[in-house]
Amino acid sequence: MSRIGNKAITIPAGVEVSVSAGNEVTVKGPKGTLVKSFSPLMTITVDNGVLTVKRPNEEKHTKQLHGTTRALIASMIEGVTKGFTKQMKIVGIGYRAAVAGQTITLNVGFSHEVKVTAPEGIKVECPDATTINVSGIDKQIVGQFAANVRAVKVPEPYGGKGIRYVDEFVRRKEGKTAAAKK
(Lines give C-alpha, C1' and ligand atoms only; values in the text may rest on other atoms or scores of the structure.)
Protein backbone atom coordinates (compact mmCIF):
# COMPACT_ATOMS: atom_id res chain seq x y z
CA MET A 1 0.00 0.00 0.00
CA SER A 2 1.62 3.20 -1.20
CA ARG A 3 0.26 6.23 0.62
CA ILE A 4 1.87 8.68 -1.80
CA GLY A 5 1.05 6.67 -4.93
CA ASN A 6 -2.62 6.31 -4.03
CA LYS A 7 -3.19 10.05 -3.62
CA ALA A 8 -5.00 11.66 -6.53
CA ILE A 9 -3.48 14.82 -8.04
CA THR A 10 -5.88 17.69 -8.61
CA ILE A 11 -4.90 19.54 -11.77
CA PRO A 12 -5.10 23.32 -11.19
CA ALA A 13 -6.80 25.72 -13.59
CA GLY A 14 -4.58 26.78 -16.48
CA VAL A 15 -2.64 23.50 -16.53
CA GLU A 16 -3.13 20.93 -19.27
CA VAL A 17 -1.98 17.32 -18.71
CA SER A 18 -1.99 14.69 -21.45
CA VAL A 19 -0.83 11.07 -21.41
CA SER A 20 0.23 9.55 -24.72
CA ALA A 21 1.15 6.01 -25.73
CA GLY A 22 4.09 4.61 -23.82
CA ASN A 23 3.18 6.59 -20.67
CA GLU A 24 4.69 9.85 -21.88
CA VAL A 25 3.19 12.63 -19.76
CA THR A 26 3.08 16.20 -21.12
CA VAL A 27 2.29 19.02 -18.69
CA LYS A 28 1.62 22.52 -20.09
CA GLY A 29 1.21 25.51 -17.79
CA PRO A 30 1.76 29.24 -17.55
CA LYS A 31 5.53 28.87 -16.98
CA GLY A 32 6.24 26.33 -19.74
CA THR A 33 5.97 22.72 -20.83
CA LEU A 34 7.50 19.56 -19.35
CA VAL A 35 7.56 16.11 -20.98
CA LYS A 36 8.64 12.91 -19.21
CA SER A 37 8.31 9.20 -19.93
CA PHE A 38 7.32 6.78 -17.18
CA SER A 39 7.35 3.01 -16.79
CA PRO A 40 4.79 1.16 -18.93
CA LEU A 41 3.84 -0.87 -15.82
CA MET A 42 1.98 2.11 -14.34
CA THR A 43 -1.49 3.12 -15.52
CA ILE A 44 -1.80 6.92 -15.60
CA THR A 45 -5.29 8.35 -16.15
CA VAL A 46 -6.73 11.86 -16.28
CA ASP A 47 -10.46 12.24 -15.54
CA ASN A 48 -12.31 15.52 -14.83
CA GLY A 49 -9.20 17.42 -13.70
CA VAL A 50 -7.92 14.60 -11.46
CA LEU A 51 -4.86 12.52 -12.28
CA THR A 52 -4.45 9.05 -10.78
CA VAL A 53 -1.62 6.50 -10.94
CA LYS A 54 -2.42 2.79 -10.54
CA ARG A 55 -0.10 -0.22 -10.30
CA PRO A 56 -0.81 -3.70 -11.72
CA ASN A 57 0.38 -5.87 -8.82
CA GLU A 58 1.88 -5.89 -5.32
CA GLU A 59 5.50 -6.67 -6.23
CA LYS A 60 8.17 -4.63 -4.48
CA HIS A 61 9.46 -3.09 -7.73
CA THR A 62 6.03 -1.87 -8.84
CA LYS A 63 5.27 -0.51 -5.37
CA GLN A 64 8.46 1.55 -5.56
CA LEU A 65 7.61 2.84 -9.04
CA HIS A 66 4.07 3.72 -7.96
CA GLY A 67 5.00 6.37 -5.39
CA THR A 68 7.91 7.69 -7.45
CA THR A 69 5.79 8.12 -10.57
CA ARG A 70 3.07 10.01 -8.70
CA ALA A 71 5.62 12.26 -6.95
CA LEU A 72 7.39 13.11 -10.22
CA ILE A 73 4.12 14.03 -11.95
CA ALA A 74 3.10 16.20 -8.97
CA SER A 75 6.48 17.99 -9.20
CA MET A 76 5.96 18.56 -12.93
CA ILE A 77 2.57 20.18 -12.26
CA GLU A 78 4.02 22.35 -9.47
CA GLY A 79 6.92 23.35 -11.72
CA VAL A 80 4.76 24.67 -14.57
CA THR A 81 2.53 26.61 -12.15
CA LYS A 82 4.88 27.99 -9.45
CA GLY A 83 8.39 26.94 -10.50
CA PHE A 84 11.26 25.94 -8.22
CA THR A 85 13.95 28.11 -6.64
CA LYS A 86 17.16 27.35 -4.76
CA GLN A 87 18.86 30.16 -2.87
CA MET A 88 22.53 30.00 -1.98
CA LYS A 89 24.80 32.19 0.15
CA ILE A 90 28.52 32.66 -0.29
CA VAL A 91 30.37 32.96 3.04
CA GLY A 92 33.98 34.12 3.21
CA ILE A 93 36.04 37.30 3.10
CA GLY A 94 36.44 38.41 -0.50
CA TYR A 95 34.18 35.65 -1.81
CA ARG A 96 31.69 36.89 -4.40
CA ALA A 97 29.66 35.95 -7.46
CA ALA A 98 28.55 37.75 -10.60
CA VAL A 99 26.21 36.72 -13.41
CA ALA A 100 26.71 37.57 -17.08
CA GLY A 101 24.00 36.00 -19.24
CA GLN A 102 23.84 32.31 -18.32
CA THR A 103 27.34 32.18 -16.78
CA ILE A 104 28.14 32.60 -13.09
CA THR A 105 31.62 33.85 -12.25
CA LEU A 106 32.69 32.77 -8.76
CA ASN A 107 35.61 34.20 -6.77
CA VAL A 108 35.85 31.78 -3.86
CA GLY A 109 39.44 31.76 -2.66
CA PHE A 110 41.12 30.09 -5.61
CA SER A 111 43.92 31.71 -7.65
CA HIS A 112 41.48 31.94 -10.56
CA GLU A 113 37.82 32.71 -11.18
CA VAL A 114 35.51 29.72 -11.63
CA LYS A 115 32.91 30.04 -14.38
CA VAL A 116 29.81 27.84 -14.32
CA THR A 117 27.36 27.92 -17.24
CA ALA A 118 23.69 27.28 -16.51
CA PRO A 119 21.83 24.75 -18.68
CA GLU A 120 18.92 25.75 -20.87
CA GLY A 121 15.71 26.41 -18.92
CA ILE A 122 17.51 27.66 -15.80
CA LYS A 123 17.46 31.29 -14.71
CA VAL A 124 20.35 32.48 -12.52
CA GLU A 125 20.34 35.76 -10.57
CA CYS A 126 22.73 37.47 -8.17
CA PRO A 127 20.77 40.14 -6.23
CA ASP A 128 23.99 40.97 -4.39
CA ALA A 129 27.61 39.74 -4.45
CA THR A 130 27.03 36.95 -1.93
CA THR A 131 23.61 35.59 -2.96
CA ILE A 132 22.80 33.28 -5.87
CA ASN A 133 19.23 32.40 -6.91
CA VAL A 134 18.71 29.44 -9.25
CA SER A 135 15.18 28.99 -10.62
CA GLY A 136 13.36 27.01 -13.28
CA ILE A 137 10.41 24.71 -13.93
CA ASP A 138 12.20 21.33 -13.76
CA LYS A 139 12.91 20.39 -10.13
CA GLN A 140 15.66 17.92 -11.02
CA ILE A 141 17.61 20.34 -13.24
CA VAL A 142 17.33 23.20 -10.71
CA GLY A 143 18.55 20.99 -7.87
CA GLN A 144 21.39 19.46 -9.90
CA PHE A 145 22.68 22.83 -11.11
CA ALA A 146 22.52 24.26 -7.56
CA ALA A 147 24.48 21.22 -6.32
CA ASN A 148 27.09 21.76 -9.08
CA VAL A 149 27.53 25.41 -8.03
CA ARG A 150 27.80 24.40 -4.35
CA ALA A 151 30.42 21.75 -5.24
CA VAL A 152 32.80 24.49 -6.46
CA LYS A 153 33.52 25.41 -2.83
CA VAL A 154 31.77 23.19 -0.27
CA PRO A 155 31.44 24.84 3.18
CA GLU A 156 34.29 23.75 5.41
CA PRO A 157 33.64 22.97 9.10
CA TYR A 158 36.30 25.19 10.71
CA GLY A 159 35.69 28.66 9.30
CA GLY A 160 32.37 27.93 7.62
CA LYS A 161 33.65 29.42 4.36
CA GLY A 162 32.14 28.26 1.07
CA ILE A 163 28.90 28.16 -0.89
CA ARG A 164 25.87 26.90 1.04
CA TYR A 165 22.12 26.76 0.65
CA VAL A 166 20.27 29.45 2.60
CA ASP A 167 18.50 26.91 4.83
CA GLU A 168 21.58 24.67 5.25
CA PHE A 169 23.16 24.19 8.65
CA VAL A 170 26.94 23.79 8.56
CA ARG A 171 28.21 21.85 11.55
CA ARG A 172 31.22 23.68 12.95
CA LYS A 173 34.29 22.16 14.58
CA GLU A 174 36.32 23.74 17.35
CA GLY A 175 39.79 23.63 15.81
CA LYS A 176 43.13 23.73 17.59
CA THR A 177 43.57 25.52 20.91
CA ALA A 178 46.18 28.27 21.24
CA ALA A 179 48.00 26.80 24.24
CA ALA A 180 48.19 23.17 25.18
CA LYS A 181 46.67 22.50 28.58
CA LYS A 182 48.92 20.71 31.10
Side-chain angles (χ1 to χ4, degrees), residues 2-47 49-55 60-90 97 99 101-104 106 114-127 130-155 162-170:
S2 173
R3 292 181 188 170
I4 300 291
N6 288 332
K7 285 185 180 178
I9 302 170
T10 305
I11 300 170
V15 176
E16 187 180 311
V17 178
S18 61
V19 182
S20 63
N23 271 0
E24 187 172 83
V25 177
T26 304
V27 181
K28 293 179 185 174
K31 291 194 175 262
T33 303
L34 290 173
V35 179
K36 190 165 181 69
S37 294
F38 294 99
S39 172
L41 293 173
M42 296 297 123
T43 306
I44 303 168
T45 56
V46 180
D47 289 321
V50 176
L51 186 139
T52 55
V53 180
K54 302 244 189 270
R55 66 175 180 254
K60 184 176 181 182
H61 178 68
T62 54
K63 285 181 178 181
Q64 292 168 342
L65 278 176
H66 189 209
T68 302
T69 302
R70 189 258 179 215
L72 288 173
I73 294 172
S75 291
M76 290 169 67
I77 292 171
E78 186 181 343
V80 297
T81 53
K82 301 175 193 167
F84 295 99
T85 302
K86 289 274 191 182
Q87 282 191 315
M88 294 182 281
K89 277 296 228 194
I90 301 174
V99 173
Q102 285 292 92
T103 304
I104 304 174
L106 300 167
V114 179
K115 294 183 188 275
V116 183
T117 303
E120 195 173 316
I122 296 293
K123 183 180 175 193
V124 182
E125 300 172 326
C126 281
T130 60
T131 306
I132 302 169
N133 294 335
V134 179
S135 58
I137 61 172
D138 192 334
K139 187 175 190 176
Q140 193 272 327
I141 295 174
V142 170
Q144 184 63 54
F145 181 69
N148 291 346
V149 170
R150 182 183 179 275
V152 170
K153 187 75 170 186
V154 178
I163 303 171
R164 64 176 80 171
Y165 299 114
V166 169
D167 57 352
E168 180 181 5
F169 174 75
V170 177

Note, Pro155 side chain near Arg150 side chain (heavy atom, < 4.5 Å): yes
So do Val25 and Lys36 actually touch side chain to side chain, heavy atoms under 4.5 Å? no
Measure the spacing between CG of Asp138 and CZ of Phe145 and express it to the nearest 0.5 Å. 14.0 Å
Starting at CG of Leu72, measure out to CG of Leu65 and round the result to the nearest 0.5 Å. 10.0 Å
Met88/Val134 under side chain to side chain contact (heavy atoms under 4.5 Å, CB included): CA gap, chis, key distance, verdict: CA-CA 8 Å; Met88 294 182 281; Val134 179; 3.8 Å; yes
Does any non-hydrogen side-chain atom of His66 lie less than 4.5 Å from one of Val53? yes
Could you pull out the closest heavy-atom pair between Ile104 and Ala97, with the gap in Å? CG2-CB, 4.4 Å
Grab the two heavy atoms, one from Pro119 and one from Ile141, that are nearest each other, plus how far apart they are. CG-CG2, 3.9 Å
Return the OG1 to CD1 distance between Thr69 and Ile4, rounded to the nearest 0.5 Å. 12.5 Å
Within the 3.5 Å criterion, strictly below it, is a donor on Lys89 or Thr131 matched to an acceptor on the partner's side chain? yes
Residue among Ile73, Thr52, Val17 satisfying side chain to side chain contact (heavy atoms under 4.5 Å, CB included) with Ile44: Ile73
Quick one, Val19 with Phe38, criterion side chain to side chain contact (heavy atoms under 4.5 Å, CB included). Give me CA distance, side-chain angles, the key distance, then yes/no. CA-CA 10 Å; Val19 182; Phe38 294 99; over 6 Å; no
Check whether any side-chain heavy atom of Arg55 sits under 4.5 Å from a side-chain heavy atom of Leu41, and report yes or no. no
Test item: Pro127 and Asn133 side chains (from C-beta on) under 4.5 Å apart, heavy atoms: yes
Taking NZ in Lys153 as the centre, count heavy atoms belonging to other residues, nucleotides or ligands within less than 6.0 Å. Is the count above 12? yes
Please answer whether the main-chain N or O of Lys7 pairs with a side-chain N or O of Arg70 as donor and acceptor at a distance below 3.5 Å. yes
How close do Thr81 and Lys31 get, heavy atom to heavy atom, and via which atoms? O-CE, 3.6 Å
Side chain to side chain contact (heavy atoms under 4.5 Å, CB included) between Val142 and Ile122, worked out: CA-CA 7 Å; Val142 170; Ile122 296 293; 3.6 Å; yes
Would Val149 and Val124 count as a side chain to side chain contact (heavy atoms under 4.5 Å, CB included) here? Give the steps. CA-CA 11 Å; Val149 170; Val124 182; over 6 Å; no
State, with a plain yes or no, whether a side-chain heavy atom of Met42 is found less than 4.5 Å away from one of Asn23. yes
Side chain proximity check, Ile77 to Pro12, heavy atoms < 4.5 angstrom: yes
Other residues, nucleotides, ligands: >12 heavy atoms within 6.0 Å of Glu24 CD: yes
Provide the closest heavy-atom pair for Ser75 versus Lys139 in the form atom of the first, atom of the second, distance. OG-CD, 3.8 Å
Working to the nearest 0.5 Å, report the span between OG1 of Thr26 and CG of Leu34. 9.5 Å
